[in-house]
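Here the structure is laid out as structure tokens; the discussion comes afterwards.
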Amino acid sequence: MKDIDSELDRFRGRLLAAAALVLLCFALVVARLVWLQVIRHDELATQAEANRIAVLPVVPNRGLIVDRHGVVLANNYSAYTLEITPSEVGGRAELEALIDELAQVVPIDAGDRRRFRRLLEEGKRFDAVPIRNRLTDAEVARFMAQRFRFPGVDVNARLFRHYPLGETASHLLGYIGRINAAEKKRIDEWPEEEQANYRGTEVIGKLGLEQRYEPALHGITGFEEVEQTAGGRAVRRLSSHPPTPGDKLVLSVDIRLQALVEQLFGNRRGAFVAIDPRNGEVLALVSKPTFDPNLFVDGIDHDSWRALNESLDKPLLNRALRGTYPPGSTYKPFMAMAALNTGKRRADTVIHDGGTFTLGNHTFRSHGDVGLGAVDMKRSIVKSSNVYYYELANDMGVDLIHDQLAPFGFGQRTNIDLDGELTGVLPSTAWKRAAYKRPEQQRWYAGETISLGIGQGYNHFTMLQLASATATLASGGQRFQPHLVRAVEDAVSGQRRELTGEALTPLPLNPQHVRVILDALEGVVLEGTGARVFAGAPYRSGGKTGTAQAVTIRQNEKYDARKLAEYQRDHSLYMAVAPIDAPTVALAVIVENAGFGAAAAAPIARRALDYLLAGVVPSEADIAAVQRGEAGAPIGTPRPAAEYVLPGLADTPPEAAP
């Protein structure tokens with residue numbers, strides 16, 4: 001017989017247990033719902049919204065760069081690029097196969113492949129890397145029709161930098177290029193706000209003004225909120241915050257003067273700097289040879305990079321900032337000023353120039369060993385007496401020379417608004433002790449002082465330093481920090497912020513001493529080594545020619561350019577101030593391995609001053625003569641400066657825009 005009561009008890013127990021289990025499960029579900037829907041509601045709602053809405057950075061237009069007259073030197077244009085995201089493709093074999101298939105739809109040459117591989121190595125696998133830039137409309141249409149065949153490949157509209165004048169002013173403008181691994185690491189160390197401003201940015205200033213003024217030129221990145229599909233493709237824009245374009249840089253440079261001087265150099269190497277001594281504005285900063293900065297915008301190809309990097313002419317070297325040279329006889333006016341300041345010489349002190357100066361068993365020679373006879377200070381500059389300055393250097397000593405010339409800025413950075421400036425060398429006994437390791441090298445010998453007086457020996461300066469020192473002399477001791485950018489203009493409001501050169505502590509030069517030196521410099525132009533070149537000039541100027549050794553010639557040998565390789569020949573230099581009574585320009589120019597200063601450097605200076613002060617540019621025949629190093633005074637009929645057509649004008653893309 002069954003025990004009904006017992007079975008009912010067991011059934012009730014099971015029922016209660018099942019009910020308790022069901023209630024526990026419901027309690028767990030309710031607790032989970034409360035956790036998700038109440039406690040973590042805000043956090044999870046944000047995550048869910050993020051899965052549906054993406055915030056995409058919008059890169060701003062890079063700021064324009066214009067010269068002092070508004071001529072555009074750097075702008076932007078939009079073009080389509082074909083890009084591959086390697087992480088969505090697979091391994092290297094799959095990637096190469098994909099590129100081969102792509103090449104059947106859109107032309108991809110060997111250079112494109114090399115650039116892609118280099119950019120791939122510099123970036124990350126989840127970054128989109130361009131395989132072809134500047135696609136035509138037909139190429140875009142052809143690819144989009146077959147896009148389904150190429151996962152991880154897409155066409156995007158990108159902004160490209162453009163330098164309309166090509167090689168003109170390339171060293172001062174610099175260029176932009178794709179952000180590399182080292183730069184990404186440096187950006188990661190920036191404050192969070194600055195990092196955020198570079199999200200989506202793929203390029204950065206690499207050289208020149210593009211690098212120095214990167215924060216101003218970059219602008220402020222905007223953003224768009226877009227709704228995405230599960231596959232990550234945008235379907236509609238929900239909201240946007242437009243980017244703020246970069247500021248416009250207004251330079252102090254006159255691009256026509258810059259281009260004219262570059263043209264006058266021709267295929268020769270050298271540097272030229274012109275400064276307004278009244279405010280420190282740089283009117284031209286030339287380094288020859290130049291290069292085309294447009295080559296770097298997309299990522300320079302291997303052949304072009306090799307040609308630039310391996311050239312003996314070193315076109316990537318900014319000679320105005322980083323080329324250091326002995327100043328030769330252009331140093332003599334500054335030595336004369338030092339002599340007046342220290343009382344080592346009076347203006348009317350006369351010495352006998354017999355063609356040589358002997359110290360111990362060493363003889364220091366003059367030009368062709370020809371003596372000038374009785375020489376006072378003015379004649380020493382006008383006729384460029386070496387003996388006068390050999391004796392002066394010997395009387396002053398190296399440390400006094402250093403102390404007198406250092407305030408002019410020799411051997412120091414000018415702190416111009418460009419990176420990479422070298423200091424050069426203004427020697428002293430302290431400098432030599434620091435520069436050399438062995439005790440016998442650290443000692444200063446009396447014979448080493450003599451050649452300093454004529455701008456040789458250890459003296460090595462940049463043309464920027466020489467031009468800046470000349471500007472200080474021309475202004476009677478007033479000094480300004482040289483600068484290339486005269487104003488920064490807001491791209492939205494148009495508000496202009498003037499950047500004036502920093503006025504430095506003036507040198508306490510005696511005005512009578514300054515007048516002695518300037519009169520002597522004018523004498524060079526009227527009756528000295530610069531007279532032939534400046535004959536007939538419609539303005540008054542002063543200058544000094546210089547010839548600097550590139551290699552040392554032994555004491556018992558005479559210089560003969562015909563027996564030397566080109567790169568061993570003397571450098572040609574010239575410094576100038578004009579107008580002489582109230583200078584508005586001071587300049588320095590060097591033509592490497594071109595011989596005497598009056599033969600190569602002075603003719604370039606004359607044409608530059610003609611442009612600035614007379615408003616004319618030389619005839620084509622005269623330009624050709626200057627390029628050959630065969631020019632004196634200008635030949636042919638000069639043309640109005642306004643008619644000068646900028647040479648090397650690059651083709652501007654039709655879509656180029658601010």
Side-chain angles (χ1 to χ4, degrees), residues 56-62 74-92 94-147 149-163 175-184 187 198-206 210 218 221 232-234 243 292-305 653 655-657:
L56 304 178
V58 181
V59 180
N61 276 5
R62 196 169 179 86
N75 58 11
N76 313 289
Y77 69 96
S78 179
Y80 289 108
T81 64
L82 185 65
E83 301 178 356
I84 301 175
T85 305
S87 60
E88 299 180 16
V89 175
R92 183 169 293 275
E94 291 82 359
L95 186 59
E96 291 296 331
L98 176 67
I99 293 174
D100 290 338
E101 287 186 45
L102 272 175
Q104 298 175 12
V105 179
V106 176
I108 299 173
D109 60 28
D112 295 326
R113 292 174 185 258
R114 285 194 298 267
R115 184 175 61 248
F116 174 80
R117 294 189 190 100
R118 189 182 73 254
L119 294 176
L120 183 61
E121 292 174 359
E122 294 176 353
K124 299 176 181 178
R125 287 191 59 81
F126 51 80
D127 288 339
V129 181
I131 183 69
R132 256 292 309 279
N133 292 322
R134 305 180 188 179
L135 273 66
T136 65
D137 291 341
E139 289 170 341
V140 171
R142 195 158 58 244
F143 169 78
M144 294 305 293
Q146 304 184 55
R147 184 183 179 281
R149 294 174 47 200
F150 305 105
V153 184
D154 209 345
V155 169
N156 290 304
R158 302 287 186 188
L159 283 173
F160 289 89
R161 196 64 157 169
H162 184 64
Y163 303 95
Y175 58 85
I176 66 167
R178 196 175 180 88
I179 297 174
N180 58 35
E183 289 160 341
K184 285 181 180 178
I187 290 173
Y198 273 75
R199 291 193 180 117
T201 300
E202 297 181 345
V203 296
I204 197 169
K206 301 278 189 175
E210 291 278 23
H218 178 270
T221 299
R233 179 166 294 279
D292 186 356
N294 291 299
L295 293 173
F296 293 87
V297 174
D298 302 342
I300 190 168
D301 64 90
H302 175 75
D303 292 338
S304 297
W305 172 250
E655 59 270 64

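Note that these values count all heavy atoms, side chains included, but never hydrogens, waters or copies made by symmetry. Quantities reported herein were computed from a predicted structural model and do not represent experimental measurements. Along the sequence shown, residues carry numbers from 1.
Note that the CZ atom of Arg62 and the CZ atom of Phe160 stand 14.5 Å from one another [nearest 0.5 Å]. If you take CG on Leu295 and CD1 on Ile300, they are separated by 5.0 Å, rounding to the nearest 0.5 Å. To the nearest 0.5 Å, the span separating CG on Asn61 from NE2 on His218 amounts to 11.0 Å. Rounding to the nearest 0.5 Å places CD1 of Ile179 at 4.0 Å from CD1 of Ile187. To the nearest 0.5 Å, the span separating CG on Leu102 from CZ on Arg132 amounts to 11.0 Å. In this structure, the separation between CG on Asp109 and CG on Asp112 is 4.0 Å, given to the nearest 0.5 Å.
Residues Asn294 and Arg161 share a closest heavy-atom pair of OD1-O, 4.3 Å. The minimum heavy-atom distance linking Val59 with Gly200 is given by the pair CG2-O, 3.2 Å. Taking both residues in full, the closest heavy atoms of Gly205 and Ile176 are given as CA-CG2, 4.0 Å, listed atom of the first, atom of the second, then distance. Scanning all heavy atoms of the two residues, the minimum distance from Glu139 to Pro107 falls at OE2-CD, 3.6 Å. Between Leu135 and Leu82, the closest heavy-atom pair is CD1-N, 3.7 Å. Between Arg178 and Val129, the closest heavy-atom pair is NH2-CA, 4.1 Å.
For the ring pair (Phe, Tyr, Trp, His ring centres under 6.0 Å) test, no residue two or more places apart in sequence or in another chain qualifies with Phe116. Among residues two or more places apart in sequence or in another chain, the ring pair (Phe, Tyr, Trp, His ring centres under 6.0 Å) test is passed with Tyr175 by Phe296. By the side-chain hydrogen bond (donor to acceptor under 3.5 Å, both in side chains) test, Asn156 pairs with Glu83, sequence neighbours left out.
A salt bridge links Arg117 and Glu96; the closest N-O separation between the charged side-chain nitrogens and carboxylate oxygens is under 4.0 Å. A salt bridge links Arg147 and Asp154; the closest N-O separation between the charged side-chain nitrogens and carboxylate oxygens is under 4.0 Å. With salt bridges taken as basic N to acidic carboxylate O contacts below 4.0 Å, one links Arg113 and Asp100.
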| said: side chain to side chain contact (heavy atoms under 4.5 Å, CB included), that's the test. Do Val155 and Phe143 meet it? Break it down for me. | reply: CA-CA 8 Å; Val155 169; Phe143 169 78; 3.4 Å; yes

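Counted within 6.0 Å of OH on Tyr80, heavy atoms from surrounding residues, nucleotides or ligands total 12 or fewer; the atom is thus considered open.
Glu210 and Tyr163 share a donor-acceptor pair across their side chains, judged by distance under 3.5 Å alone. Checking Arg158 against Tyr77 by side-chain atom types alone, no donor-acceptor pair falls below 3.5 Å.
Under the 4.5 Å side-chain criterion, counting only non-hydrogen atoms from C-beta, Glu183 is in contact with Lys206. In this structure, Ser78 and Leu159 have side chains that are in contact, with non-hydrogen atoms separated by less than 4.5 Å. With a 4.5 Å cut-off on side-chain heavy atoms, Phe150 and Glu101 count as touching.
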